[in-house]
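So the structure is just underneath, and the comments pick up after that.
Note that this is a predicted model, so its numbers are computed, not measured.
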Amino acid sequence: MRYDLVIFDNDGVLVDSEPISNRLLAGYLTELGHPTSYEESLRDYMGAAMHRVHDLVEERTGERLPDDFDDVFHARVFAAFERELKPVAGAVGVLERLVADGVPYCVASSGSHERIRVGHRTTGLDEWFEDEWVFSSEDVGRGKPAPDLFLYAAERMGVAPERCVVVEDSPLGVRAAVAAGMDVYGFTAMTPAERLSGVTQLFGDMGQLADLLE
């Protein structure tokens, strides 16, 4: 393959979690008096770390979310993951191909380490990721769209940024990858292609990815 490291986003790229988490996020914000539709949640928060939710709500309303907001939200999400979460169709096949070709890979997610691990354990993807291949926005000072997380992952994996490719499905993640000086493949399963401007390549079927990276 043309790259020395493949960096996967997690939510919506490896695990099909975005419909679940954004449905619950929209519902919880609405419950707290901040009416939010599912579509608005996808638009404003997909691919973002939790601090973006707090920042946008306070910016728009002048009100702070409850101190236990993250804990309550994650408890609801994890319970739903146990019932509903599946791997993204084709993701396991891509990982199998990377292993067969000897191409290093990792995950760099806006989600917490706990969220990543719960999702991977529930879907069986945990067998594909060593602990040292999992990176979270918790590991850096600024989440996406800042490039910090992708640069940190590349450094820890021992690969120069220009030899990395990022697989992303959110505008915030694409912006972060571009800012990190990395090629980025935009997955359009849930995000309209026009919202992923700046990508190296667009694709809509995860099963196509391994061939596109050759």
Side-chain angles (χ1 to χ4, degrees), residues 1-22 42 46-47 85-111 115-117 119-130 132-136 144-145 147 149-154 156-214:
M1 291 190 179
R2 72 183 77 164
Y3 301 102
D4 295 335
L5 178 65
V6 180
I7 304 176
F8 291 96
D9 176 43
N10 190 55
D11 293 293
V13 170
L14 293 173
V15 296
D16 195 16
S17 54
E18 293 291 8
I20 299 170
S21 58
N22 282 282
L42 288 174
M46 181 172 163
L85 190 62
K86 306 292 184 187
V88 167
V92 171
V94 174
L95 297 173
E96 288 175 339
R97 181 84 165 271
L98 294 176
V99 170
D101 290 347
V103 179
Y105 61 87
C106 64
V107 60
S109 171
S110 292
R115 177 181 172 127
I116 298 167
R117 283 304 182 194
H120 284 193
R121 186 175 63 250
T122 303
T123 58
L125 289 178
D126 53 340
E127 66 180 271
W128 294 96
F129 288 90
E130 303 290 344
E132 58 267 27
W133 302 348
V134 176
F135 305 100
S136 161
K144 305 169 189 179
L149 177 57
F150 290 138
L151 292 172
Y152 177 75
R156 291 291 302 271
M157 296 294 290
V159 178
E162 62 270 18
R163 298 298 306 156
C164 299
V165 61
V166 174
V167 185
E168 264 287 355
D169 70 333
S170 76
L172 292 174
V174 169
R175 286 167 55 193
V178 171
M182 300 175 180
D183 282 0
V184 54
Y185 280 46
F187 185 41
T188 59
M190 285 197 59
T191 306
E194 59 269 21
R195 294 197 66 211
L196 299 178
S197 59
V199 298
T200 309
Q201 174 85 42
L202 290 166
F203 70 106
D205 180 350
M206 190 58 67
Q208 302 172 327
L209 180 60
D211 287 336
L212 293 173
L213 293 174
E214 289 286 358

**Request:** Apply the test side chain to side chain contact (heavy atoms under 4.5 Å, CB included) to residues Val165 and Ile7: give CA-CA distance (whole Å), side-chain angles for both, the deciding distance (0.1 Å), then the verdict.
**Result:** CA-CA 6 Å; Val165 61; Ile7 304 176; over 6 Å; no

**Request:** Check step by step if side chain to side chain contact (heavy atoms under 4.5 Å, CB included) holds for Leu85 and Ile20.
**Result:** CA-CA 8 Å; Leu85 190 62; Ile20 299 170; 4.1 Å; yes

**Prompt:** Does the side-chain hydrogen bond (donor to acceptor under 3.5 Å, both in side chains) test come out yes or no for Arg115 and Ser136, once each step is laid out?
**Reply:** CA-CA 9 Å; Arg115 177 181 172 127; Ser136 161; over 6 Å; no

**Evaluation steps, side chain to side chain contact (heavy atoms under 4.5 Å, CB included), between Leu14 and Val107** = CA-CA 9 Å; Leu14 293 173; Val107 60; 4.0 Å; yes

**Request:** Walk me through it: do Arg2 and Asp183 pass the test salt bridge (Lys or Arg N to Asp or Glu O under 4.0 Å)?
**Result:** CA-CA 11 Å; Arg2 72 183 77 164; Asp183 282 0; 5.8 Å; no

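The shortest distance between side-chain heavy atoms of Pro87 and Val15 does not fall below 4.5 Å. In this structure, the side chains of Met182 and Thr200 stay at 4.5 Å or more apart for every pair of heavy atoms. Residues Tyr185 and Leu213 meet the side-chain proximity criterion, which asks for heavy atoms closer than 4.5 Å. At a threshold of 4.5 Å between non-hydrogen side-chain atoms, the residues Phe135 and Cys106 count as touching. The shortest side-chain heavy-atom distance between Glu168 and Val199 does not fall under the 4.5 Å cut-off. In this structure, Met157 and Glu132 have side chains that are not in contact, with every pair of non-hydrogen atoms separated by 4.5 Å or more. Counting only heavy atoms from C-beta outward, the side chains of Gln208 and Asp205 approach each other to under 4.5 Å. The closest side-chain heavy-atom distance from Val99 to Tyr105 is below 4.5 Å.
Here the side chain of Arg175 pairs no donor or acceptor atom with the backbone of Pro145 at under 3.5 angstrom. Between the Ser110 side chain and the Gly47 main chain, a donor and an acceptor come within less than 3.5 Å of each other. Of the possible donor and acceptor atoms, none in the side chain of Asp16 sits under 3.5 Å from a partner among the backbone N and O of Gly12. With hydrogens and angles disregarded, no donor-acceptor distance shorter than 3.5 Å links the side chain of Asp101 to the backbone of Val103. Under the 3.5 Å distance criterion, the side-chain polar atoms of Thr188 are matched with a main-chain donor or acceptor of Phe203.
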Just list the side-chain donor-acceptor pairs under 3.5 Å for residues 122-129, sequence neighbours left out, or say none.
| unit_1 | atom_1 | unit_2 | atom_2 | d |
| --- | --- | --- | --- | --- |
| Thr122 | OG1 | Val118 | O | 2.7 |
| Thr123 | OG1 | Gly119 | O | 2.8 |
| Thr123 | OG1 | His120 | O | 3.3 |

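Contact between Ile116 and Ser109 at its shortest, heavy atoms only, is CD1-CB, 3.6 Å. Closest heavy-atom contact between Leu196 and Pro171: CD2-N, 3.7 Å. Residues Gly173 and Phe150 share a closest heavy-atom pair of O-CE1, 3.5 Å. Across Leu42 and Arg195, no two heavy atoms sit closer than the pair O-NH1, 4.4 Å. For the residue pair Ala154 and Cys164, the shortest heavy atom distance occurs at CB-SG, 3.8 Å. Considering all non-hydrogen atoms of both residues, Pro161 and Leu151 come closest at CG-CD2, 3.8 Å.
Each of Arg156, Arg163, Glu162 was evaluated against Val159; a single residue qualifies, Arg163, per the side-chain contact (heavy atoms from CB on, under 4.5 Å) test.
From Met190, atom CE reaches atom CD of Glu18 across 6.0 Å, with rounding to the nearest 0.5 Å.
Donor-acceptor pairing under 3.5 Å is recorded for the side chains of Ser17 and Asp11.
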